[in-house]
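Down below is the structure, laid out as structure tokens.
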Amino acid sequence: MQLPNDFKTKYQKLLGDDAESFFASLDKDTNPGFRINPLKEHMPAEPNNESIEYCQYGYYGDVNGKSVEHQSGAIYSQEPSAMYVGEVADIKPGDYVLDLCAAPGGKTTHVASYMDNQGLLVTNEIDYKRAKILVENVERFGIRNALILNENPNNLAKHFPRFFDKILIDAPCSGEGMFRKNNDAIQYWNADYPSQCATRQKEIIEQAVKMLKPGGKIIYSTCTFAPEEDEQIVEWMKDTYDFSIDPIKKYDGMLSGKPQWADGNEELANTVRLFPNHFKGEGHFVSKLSSNDEGNAKKIKHRLQSNLSIDDKKLWNEFKEANINNFDPKHLILFGDQLYTFDNTLPELKGLKVMRPGLHLGTIKKKRFEPSYALALALHSNEVVNRLEISEDDWKQYVHGDVINCDKDVKKGWYQLICKNQPIAFGKVVNGTIKNFFPKGLRFNVD
């Protein structure tokens, strides 16, 4: 790997005798990882892979992106050092959580694992193309309590003042921890780039602080090694706002943050540094800060109301009564012809770029309701009237977009299709065939 000379000079000075080991680690193979999904009714069988000590659901190893387990959301690929952010956040069911820089969805899906679909998860990505990927991953994971936005932090702060218990900021950064995975990241790097990123990070944090409840917590992380974007940002937060730096448990290979790389405040040793020459991962910086602000969360006007017509509601109810058990969302909203269930504690969404206001239930069509892919992946067996087991060969055809066959005795209607114990989509049975409703934009060939 051809590292920039300025990069090598900088880290030779910062790391001293450890620098050569650090540089050598960037030429070694990456260490991929994945998490299993506890929101699914049936988690995959215990993998043979080595478990990750600091992550309850984490394992080392590659994920086959064209497998039933991956397509159904039963497993999620995530780099091992990035997994520690979701663990440090210590999310509980009922929390109000903001993942501010969320795409592609690793932290969002991770914290959702601990929410049990209770509370509210607002997950945001400013880049539209990346926000679409975020939507796919949230829906695949089976998350029911997420509001997905495509917004800038300034506008978010206007809608969610002093609203969240916890805010995750995995900040856009100089990406030095991506060098081993993505050599293109090296091409973007220059000696001034970390300072430029730090300016942007401060702008993001300034808005995030406005959205934090008194006594709330910010989990600030980056995938870079630069002190300008790590310890120095945390020190700036502490000096600018009334925060304490919480201690974070350190597992084998995790190093303390470096007070000497900022202004010497010993509290910075509470943060965590993950270097690839000491830790089985690509590299990360993780910190957790508690607000010492007193007072109460700001009351927000909740103006969201159902906008369903009588006929639209009738179509949904007819589908629900015929096909769904033990799942009766009370707060329904139409965006165009798309039906969602939303959290009634949300503020007014007008003026926000909404990708998903809640769980996507389906589409209102002329004289019928068509259930969504997201709903199929979110519902458990006790919530669905009709389920149909299909083989892995049938699954390969279905995700390709083909009609598949079933026993002619199977009655007509909608079925949650099950493969290897995982729901993979809805299908409609008609005369011994299963009509394909796998989303066109997600279809793929399995080799």
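Not measured: the values here are computed from a predicted model.
- In this model, no donor atom of one side chain and acceptor atom of the other lie less than 3.5 Å apart for Thr30 and Lys181.
- With a 4.5 Å cut-off on side-chain heavy atoms, Leu121 and Met115 count as touching.
- A salt bridge does not link Lys365 to Asp337: none of the charged side-chain nitrogens sits closer than 4.0 Å to a carboxylate oxygen.
- Lys132 places none of its side-chain heavy atoms less than 4.5 Å from the side chain of Ile148.
- A centroid separation of less than 6.0 Å is found between the aromatic rings of Phe22 and Phe275.
- Taking the six-membered ring for Trp and the full ring otherwise, the centers of Tyr188 and Tyr193 sit at least 6.0 Å from each other.
- Salt bridge absent: Lys280 and Glu53 never bring a charged side-chain N and a carboxylate O closer than 4.0 Å.
- With ring centers used as reference points, Tyr57 lies under 6.0 Å from Tyr114.
- Looking only at distances, a side-chain donor or acceptor of His159 sits under 3.5 Å from a matching main-chain atom of Asn155.
- Ring geometry for Tyr241 versus Phe243: interplanar angle over 60°, hence perpendicular rather than tilted (30 to 60°).
- By the 4.5 Å heavy-atom criterion applied to side chains, His278 and Leu255 are counted as neighbours.
- Side chains of Lys166 and Ile91 form a contact here, defined as non-hydrogen atoms less than 4.5 Å apart.
- Judged by distance alone, the side chain of Asn323 and the main-chain N or O of Phe319 form a donor-acceptor pair under 3.5 Å.
- In this structure, Tyr251 and Phe279 have side chains that are not in contact, with every pair of non-hydrogen atoms separated by 4.5 Å or more.
- Side-chain contact check for Gln338 and Thr363: at least one donor-acceptor pair (N or O, by modelled atom type) lies under 3.5 Å.
- Using a cutoff of 4.0 Å between basic side-chain nitrogens and carboxylate oxygens, Lys238 and Glu267 are scored as salt-bridged.
- Taking the side chain as every heavy atom from C-beta outward, Arg130 and Pro104 approach each other to under 4.5 Å.
- At a threshold of 4.0 Å, the pair Asp165-Lys217 does not count as salt-bridged, since none of the basic side-chain nitrogens sits closer than that to a carboxylate oxygen.
- For Tyr54 and Tyr84, the ring centers are positioned less than 6.0 Å apart.
- In this model, no donor atom of one side chain and acceptor atom of the other lie less than 3.5 Å apart for Trp261 and Glu228.
- With Phe164 as the fixed residue, the side-chain contact (heavy atoms from CB on, under 4.5 Å) test singles out one of Leu100, Val122, Val97: Val122.
- Counting heavy atoms from C-beta on, the side chains of Cys223 and Glu282 never come closer than 4.5 Å.
- Using modelled atom types, no side-chain atom of Ser72 and backbone atom of Ile424 make a donor-acceptor pair closer than 3.5 Å.
- Arg162 and Asp293 are joined by a salt bridge, as a carboxylate oxygen and a charged side-chain nitrogen come within less than 4.0 angstrom of each other.
- Taking 4.0 Å as the cut-off between side-chain N and carboxylate O, Lys249 and Glu87 do not count as a salt-bridged pair.
- Ring centers of Phe163 and Tyr96: under 6.0 Å apart, within the cut-off.
- No hydrogens or angles considered: nothing links the side chains of Gln422 and Glu69 as a donor-acceptor pair under 3.5 Å.
- Looking at Asn382 and Asn325, their side chains never come closer than 4.5 Å, going by heavy atoms from C-beta outward.
- Between the Tyr76 side chain and the Gly106 main chain, a donor and an acceptor come within less than 3.5 Å of each other.
- Aromatic ring centres of Phe225 and Phe7 lie farther apart than the 6.0 Å criterion allows.
- Under 3.5 Å, the side chains of Thr123 and Thr108 contain a donor-acceptor pair of N or O atoms.
- Ion pairing between a basic and an acidic side chain is recognised when a charged N comes within 4.0 Å of a carboxylate O; Asp170 and Lys107 show such pairing.
- Residue Lys66 places its NZ atom among more than 12 non-hydrogen atoms of other residues, nucleotides or ligands, all under 6.0 Å distant.
- With 3.5 Å as the limit, one finds no donor-acceptor pair spanning the side chains of Thr271 and Glu231.
- The closest donor-acceptor contact from the side chain of Ser174 to the backbone of Pro194 lies at 3.5 Å or more, if one exists at all.
- In the model, Asp192 has no side-chain atom that pairs as donor or acceptor with a side-chain atom of Gln196 under 3.5 Å.
- The pair Arg144-Glu383 meets the salt-bridge criterion, with a side-chain N (NZ, NE, NH1 or NH2) lying under 4.0 Å from an Asp/Glu carboxylate O.
- Checking side-chain atoms of Asn150 against main-chain N and O of Glu125 turns up a donor-acceptor pair under 3.5 Å.
- Judged by distance alone, the side chains of Thr222 and Asp230 do bring a donor and an acceptor atom under 3.5 Å apart.
- Side-chain atoms of His380 and Asn326 include no donor-acceptor pair closer than 3.5 Å.
- Between Asp312 and Lys314, none of the side-chain N atoms (NZ, or NE/NH1/NH2) sits under 4.0 Å from a carboxylate O, so this pair counts as no salt bridge.
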